Amino acid sequence: MSMFSGLIRVMERAARKAGGRLRRDFGEVEHLQVSRKGPADFVSKADMRAERAIYDELLHARPDWGFVMEEAGVIEGAPDKPRWIVDPLDGTSNFLHGIPHFAISIAVQEPRLDGKGWGEVSAGVIYNPINDETYWAEKTRGAWLQDARLRVSARRNLSDALIATGIPFQGHGDFAEWSRIFGAIGPEVAGIRRFGAASLDLAYLAQGRFDGFWESGLNDWDTAAGCLLVREAGGFVSDYRGRSEQIHSKQILAANDALHSKLHKILAGSLR
């Protein structure tokens with residue numbers, strides 16, 4: 001881990017602390033499956049405990065930085081300091097159902113130099129507590145899994161490409177829109193996967209496991225670290241219209257350069 005800068009080390013320590021708790025709680029969830037109202041209630045408590053552990057650790061390390069968190073919302077810090085964007089448990093449904101595929105996502109967002117709002121994401125960590133894997137990226141320093149450098153896949157043909165997505169669910173997202181995109185992309189590619197944790201989908205894309213990813217209706221804490229990982233691994237991230245911003249959550253399309261333009265053409269065509 002000698003590669004880690006001080007900042008990444010702080011984030012990793014917070015993620016590991018919360019990850020240890022999530023691992024223990026995950027063990028409990030599997031026993032709770034039998035009870036009627038037990039699991040959902042238990043998981044939201046697990047979520048909040050993890051968030052609290054991350055908050056305490058990060059606050060201790062950088063007392064004047066702000067937070068954007070799933071449960072606690074926005075906590076203002078000093079106006080000229082960065083802020084943390086935290087998802088303590090991405091993949092809640094998996095966790096709840098005893099499926100070992102979930103992650104903690106932490107990103108750092110810098111204030112804009114003109115003092116008007118928030119600018120670039122400069123660092124990100126995605127931690128998978130089940131297999132103890134730390135994905136991390138820093139602006140201009142590349143994307144990494146532990147101390148191995150990550151690159152997006154080199155595949156150029158859609159027919160060879162494995163594409164990840166998130167499917168709208170009860171009360172979230174636009175089914176009609178998703179179905180049109182799926183109907184257009186599905187026949188062109190080698191496969192489509194839905195694993196249920198956007199942060200890990202983006203980490204896998206940075207790692208070259210997936211060749212592309214699309215989803216809409218996410219939150220900033222789902223994608224802030226993942227967008228940086230993909231970009232630092234040489235990939236492209238945009239919205240459905242091809243525009244590039246720091247964090248994509250409302251709409252996100254990510255891939256290597258060759259596949260991004262091909263997927264974008266199909267996706268845009270499906271929504272006309």
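This structure is a prediction, so every number in the text was calculated from the model and none was measured.
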Test side chain to side chain contact (heavy atoms under 4.5 Å, CB included) applied to Val10 and Arg62, step by step: CA-CA 9 Å; Val10 162; Arg62 301 286 190 277; 3.9 Å; yes
Side-chain (Glu215) to main-chain (Gln251) donor-acceptor, under 3.5 angstrom: no
Pair Ser249-Asp220, side-chain donor/acceptor within less than 3.5 Å: yes
Flag side-chain contact, heavy atom, 4.5 Å: Arg83 against Trp118: yes
Heavy-atom side-chain proximity of Met11 to Ser5 below 4.5 angstrom: no
Shortest non-hydrogen contact between Ala184 and Ser270, atoms and distance: CB-CB, 3.6 Å
Residue pairs fulfilling salt bridge (Lys or Arg N to Asp or Glu O under 4.0 Å) with at least one residue in residues 93-109, sequence neighbours excluded: none
Atom pair CE (Met48) and OH (Tyr55), whose distance is rounded to the nearest 0.5 Å: 14.0 Å
Student check: side-chain heavy atoms of Ile181 and Leu271 closer than 4.5 Å: yes
Nearest-0.5 Å distance, CG of residue Leu162 to CZ of residue Arg209: 11.5 Å
Set of residues satisfying ring-ring contact (aromatic ring centres under 6.0 Å, His included) with respect to Phe210, sequence neighbours excluded: Phe195, Tyr204
Over all atoms of both residues, closest heavy-atom pair of Ala258 and Ser261: O-OG, 3.1 Å
Transitive ILVMFWY side-chain link Val125 to Val86, under 4.5 Å: yes
Cluster check Leu228, Trp221: I/L/V/M/F/W/Y, side chain < 4.5 angstrom: yes
Spatial distance of atom CD (Glu177) from atom OG (Ser216) [nearest 0.5 Å]: 4.5 Å
Pairs satisfying salt bridge (Lys or Arg N to Asp or Glu O under 4.0 Å), at least one member in residues 262-272, at least two apart: none
Stepwise salt bridge (charged side-chain N to carboxylate O under 4.0 Å, His left out) test for Arg21 and Asp25: CA-CA 6 Å; Arg21 295 190 170 185; Asp25 286 341; over 6 Å; no
Close side-chain approach of Ile167 to Trp178, heavy-atom, < 4.5 Å: yes
For Glu245, all residues meeting salt bridge (Lys or Arg N to Asp or Glu O under 4.0 Å), sequence neighbours excluded: none
Derivation of the side chain to side chain contact (heavy atoms under 4.5 Å, CB included) call for Phe67 and Leu59: CA-CA 9 Å; Phe67 287 84; Leu59 186 69; 4.1 Å; yes
Check: Val121 and Val108 side chains under 4.5 Å, non-hydrogen atoms: no
Counterpart residues, salt bridge (Lys or Arg N to Asp or Glu O under 4.0 Å), relative to Asp114 (two or more places apart): Arg112
Reported CG-to-CZ distance for the pair Asn131 and Arg23, which is rounded to 0.5 angstrom: 9.5 Å
Residues, nucleotides or ligands: over 12 heavy atoms within 6.0 Å of Arg194 CZ: yes
Hydrophobic cluster membership, Leu205 vs Ile192, 4.5 Å side-chain cutoff: no
Check: Tyr135/Gln146 side-chain N/O donor and acceptor closer than 3.5 Å: no
In one Ile/Leu/Val/Met/Phe/Trp/Tyr side-chain cluster, 4.5 Å: Val189, Tyr240: yes
Salt bridge (Lys or Arg N to Asp or Glu O under 4.0 Å) partners for Arg52, two or more places apart: Asp56
Single-linkage hydrophobic cluster Leu200~Phe102, side-chain heavy atoms < 4.5 angstrom: no
Residue list, side-chain hydrogen bond (donor to acceptor under 3.5 Å, both in side chains) with Ser105, at least two apart or on another chain: none
Inter- and intrachain pairs under salt bridge (Lys or Arg N to Asp or Glu O under 4.0 Å), touching residues 150-161, at least two apart: Arg155-Asp211, Arg156-Asp257
N-O pairing of Glu12 and Arg16 below 4.0 Å: yes
For Ser44, all residues meeting side-chain hydrogen bond (donor to acceptor under 3.5 Å, both in side chains), sequence neighbours excluded: none
Salt-bridge contact Arg13-Glu57 (side-chain N to carboxylate O under 4.0 Å): yes
Heavy-atom pair with the smallest gap, counting every atom of Ser159 and Ala190: O-CB, 3.4 Å
Side-chain H-bond candidate by donor/acceptor type, Trp144 with Thr134, under 3.5 Å: no
Partners meeting ring-ring contact (aromatic ring centres under 6.0 Å, His included) with Trp65 (sequence neighbours left out): Trp84
Closest heavy-atom pair and its distance - Ala255, Leu263: CB-CD1, 4.0 Å
Nearest heavy-atom neighbours spanning Pro187 and Gly183: CD-O, 3.1 Å
Within-4.5 Å side-chain heavy-atom neighbours: Leu89 and Ile104: no
His260 and Ser238 side chains, donor-acceptor separation under 3.5 Å: yes
Candidate pair His101 and Ile130, rule side chain to side chain contact (heavy atoms under 4.5 Å, CB included), full reasoning: CA-CA 7 Å; His101 186 81; Ile130 291 294; over 6 Å; no
Between Asp132 and Tyr127: side-chain donor-acceptor atoms closer than 3.5 Å: yes
From Trp136 atom CH2 to Ile8 atom CD1, the distance as rounded to the nearest 0.5 Å: 6.0 Å
Heavy-atom closest contact (Trp214 atom, Thr165 atom, distance): O-OG1, 2.9 Å
By salt bridge (Lys or Arg N to Asp or Glu O under 4.0 Å) - contacts of Lys250 (at least two apart): none
Check: Leu253 and Val237 side chains under 4.5 Å, non-hydrogen atoms: no
Backbone N/O of Ala198 and side chain of Asp222: donor-acceptor pair under 3.5 Å: no
Distance-only donor-acceptor check, side chains Ser122 and Arg141, under 3.5 Å: no
Between CZ on residue Arg49 and CD1 on residue Ile54, distance to nearest 0.5 Å: 13.0 Å
Sub-4.5 Å side-chain heavy-atom contact between Met69 and Ile75: yes
side-chain hydrogen bond (donor to acceptor under 3.5 Å, both in side chains) partners for Asp47, two or more places apart: none
Cys227 vs Ile252, side chain to side chain contact (heavy atoms under 4.5 Å, CB included): CA-CA, chis, key distance, verdict: CA-CA 9 Å; Cys227 285; Ile252 178 169; 3.8 Å; yes
